[in-house]
Amino acid sequence: MTTNNSTVAPLSKIDPANLDQQAQNFINASVGWVQIHWLQIIIAIAVATAIVLALHFARNLGKKLCERSQGTAGWGKVFGRAIVKTGNFFIVMVAAKLVAGYANAPAEITTTINFLFTLASVFQAAIWAREIILGTIEHRTQSENYSGEALGSAMGIIRLLVTFALFAIALIVVLDNLGVNVTGLVAGLGVGGIAIGLAAQGIFADLFAALAIIFDRPFRRGDAISYDQSSGTVEAIGLKSTRIRAATGEERIIANKNLLDKEILNNSQRDYRRVKFTLNLVQWTPIDVMDRLPDMLKEVVESCGYKFVRAGFLNFNASSYDFDLEFDSETAAYEDFFNARNAVGLAIIRRFNNENIEFAYPTQTAFTAAPQGGMIYPYPGEEEPAEPRVKATPAQPKGPPEPSPDRSAVDQDGHS
């Protein structure tokens, strides 16, 4: 048996002027191939039929996997849904590609099968990728109990963007296999993408920030977080913004991008909260009392049932000697932190009162200097003078003024 090895130009090189001639050559090659290799063709068709049935069976397994998967978007359902999206055209072309070599198909038919297989494979891969990407996003979001309304809005835009991107790539790959120069098309898509991105950069920035929150999970719905100078409990993570309920009752709304640009403290991921006290003691506190103060504070903290961390001298203040105390609350709950701070604080005051340890308050001492520069008050060596250094002479009471002598009477006496 001989094979008709006449060749034709690939589909990418088809000349429209000779389309009729090329079609006639394709028909003649096909008829000659069937007449010569009919037995091989029958066996190839049987094998291809078995391949098609096997792929359909695998697709049915994907349906069962979706039904058995627990939850709304488990991993089994994600991959099962991708398998279910396998198209019949792709299944047929896979079978034809596998048996074409055994049947000794002529070049015209082989070229056609290769082109159709490439076309089916590229678009089928785009469909699989889309289902897996969207299924992964749904799995991560629904497992974290994100807001259904916000998730629905986000998924609508995400589905559109993912579908457009994947099928644009698939179309470019197909056109490139046809021999089309796709450089201009790629450049045009790039310029269009840049224009759209610049026009809606605020929306896209918040959208991608929302995706970052979904996948990176710096916090979840219901977590207590602190950011910038604010804090609260996360109530909803939306497409553009996150809603946070503050401890004072108001709802705070912040754009996702602005939120991620700040340092976020996730208080719900703590195992405990650390309480810090700064104790200001009067500067005449005895040194032996200050020496045993850390052990005293440890006893107070442990007697209240909390974990002591450290205590010791902190610094010299203008009006006091400062000591630092650190201990941990039982849990990360703010209520436990508040109760621990209250209990230990009152216990310290009670213990200091029993030990006659005084807390300092801002004080200032004034000194009066003599003209020569020496200190006058307080006096050296004594708190206050026993008696005044200069005694004042008591003033004599003053009577009425004495009359001056009468000059005329004297003269008269002198002349008498």
message: Test side chain to side chain contact (heavy atoms under 4.5 Å, CB included) on Phe117 and Val122; report intermediate values, then the result.
response: CA-CA 8 Å; Phe117 175 76; Val122 170; over 6 Å; no
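- Two residues are said to be in side-chain contact when any heavy atoms from C-beta on lie closer than 4.5 Å; Asp322 and Phe316 fail this criterion.
- For residues 228-249, no pair satisfies ring pair (Phe, Tyr, Trp, His ring centres under 6.0 Å), with sequence neighbours left out.
- Applying the side-chain contact (heavy atoms from CB on, under 4.5 Å) test to Val275 and every residue at least two apart in sequence or in another chain returns Phe277, Phe327, Phe337, Arg341.
- Phe308 pairs with exactly one of Leu325, Val344, Asp328 by the side chain to side chain contact (heavy atoms under 4.5 Å, CB included) rule, that one being Leu325.
- A 6.0 Å sphere centred on CZ of Arg351 holds more than 12 heavy atoms belonging to other residues, nucleotides or ligands.
- The residues Glu355 and Arg292 are annotated as salt-bridged, a charged nitrogen and a carboxylate oxygen being separated by less than 4.0 angstrom.
- Nearest heavy atom pair, residue Ile213 against residue Pro218, reads O-CD, 3.7 Å.
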- request: Begin with the C-alpha distance, continue with both residues' side-chain angles, and end with the deciding distance and a verdict on side chain to side chain contact (heavy atoms under 4.5 Å, CB included) for Ile51 and Leu98.
  value: CA-CA 9 Å; Ile51 294 174; Leu98 293 176; 3.6 Å; yes
- request: Please report the C-alpha distance between Ser329 and Asp336 in whole Å, then the side-chain angles of each, then the deciding distance to 0.1 Å, and finally whether the side chain to side chain donor-acceptor pair (under 3.5 Å) criterion is met.
  value: CA-CA 6 Å; Ser329 62; Asp336 293 337; over 6 Å; no
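- The shortest side-chain heavy-atom distance between Gln269 and Asp223 falls under the 4.5 Å cut-off.
- Looking only at side-chain heavy atoms (C-beta outward), Val94 and Leu55 come within less than 4.5 Å of each other.
- Panel note: side chain Glu330, backbone Tyr306; no donor-acceptor pair is recorded below 3.5 Å.
- Side-chain contact between Phe359 and Val282 is absent, with no heavy-atom pair separated by less than 4.5 Å.
- Closest heavy-atom contact between Pro294 and Ala311: CB-O, 3.7 Å.
- Note that CG of Asp271 and OG1 of Thr331 are 10.0 Å apart. Values are rounded to the nearest 0.5 Å.
- The ring-ring contact (aromatic ring centres under 6.0 Å, His included) search around Phe57 returns none, not counting sequence neighbours.
- Closest heavy-atom contact between Ser319 and Ala360: O-CB, 3.5 Å.
- The shortest side-chain heavy-atom distance between Leu281 and Leu293 falls under the 4.5 Å cut-off.
- Residues passing the side-chain contact (heavy atoms from CB on, under 4.5 Å) test with Tyr361, sequence neighbours excluded: Thr363.
- The two residues Gln283 and Asn317 make their nearest non-hydrogen contact at NE2-O, 3.2 Å.
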query: Going through the distances and angles, do Ser226 and Asn267 end up as a side chain to side chain donor-acceptor pair (under 3.5 Å)?
result: CA-CA 7 Å; Ser226 300; Asn267 297 316; 3.1 Å; yes
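- Within 6.0 Å of the CZ atom in Phe352, the count of heavy atoms belonging to other residues, nucleotides or ligands exceeds 12.
- Rounding to the nearest 0.5 Å gives a distance of 7.0 Å between OG1 of Thr285 and CD of Glu358.
- The salt bridge (charged side-chain N to carboxylate O under 4.0 Å, His left out) contacts involving residues 120-131 comprise Arg81-Glu131, where partners must be two or more places apart or lie in separate chains.
- Few gaps surround CD on Glu250; more than 12 heavy atoms of other groups in view lie less than 6.0 Å from it.
- Side-chain contact check for Thr278 versus Leu314: some heavy-atom pair is nearer than 4.5 Å.
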task: Take Phe323 and Asn280 through the test side chain to side chain contact (heavy atoms under 4.5 Å, CB included) and record every step on the way to the result.
output: CA-CA 6 Å; Phe323 282 78; Asn280 309 111; over 6 Å; no
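- In this structure, the separation between CD1 on Ile254 and CG on Asp261 is 9.0 Å, given to the nearest 0.5 Å.
- Contact between Ile113 and Met93 at its shortest, heavy atoms only, is O-CE, 3.7 Å.
- At a threshold of 4.0 Å, the pair Glu235-Arg245 counts as salt-bridged, since one of the basic side-chain nitrogens sits closer than that to a carboxylate oxygen.
- Under a 3.5 Å cut-off, the side chain of Asn342 and the backbone N or O of Phe338 do not form any donor-acceptor pair.
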query: Which is it for Trp128 and Phe90 under the ring pair (Phe, Tyr, Trp, His ring centres under 6.0 Å) test, yes or no, and what are the steps along the way?
result: CA-CA 12 Å; Trp128 283 338; Phe90 173 73; 5.4 Å; yes
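- Across every non-hydrogen atom of Leu166 and Ala126, the tightest pair is CD1-O, 3.6 Å.
- Ile83 is not listed as a side-chain neighbour of Leu61, based on a closest heavy-atom distance of 4.5 Å or more.
- In this structure, Asn266 contributes its side chain and Ser268 its backbone to a donor-acceptor pair below 3.5 Å.
- Note: Ile348 CD1 to Leu346 CG = 9.5 Å, rounded to the nearest 0.5 Å.
- Judged by distance alone, with hydrogens and angles left aside, the side-chain atoms of Arg273 form a donor-acceptor pair with the main-chain N or O of Ala332 at under 3.5 Å.
- In this structure the side chain of Tyr321 never reaches within 4.5 angstrom of the side chain of Asn315, judged on heavy atoms.
- In this structure, Met296 CE and Asp291 CG are separated by 10.5 Å, a value rounded to the nearest 0.5 Å.
- Within the structure, the salt bridge (charged side-chain N to carboxylate O under 4.0 Å, His left out) test picks out the following pairs touching residues 305-321 (sequence neighbours left out): Arg310-Glu326.
- Considering CG of Leu297 and CG of Leu279, their distance stands at 6.0 Å, rounded to 0.5 Å.
- Without hydrogens or angle criteria, Arg350 side chain to Asn354 main chain gives no donor-acceptor distance under 3.5 Å.
- With hydrogens and angles ignored, the 3.5 Å screen pairs a side-chain donor or acceptor of Arg59 with a backbone N or O of Thr86.
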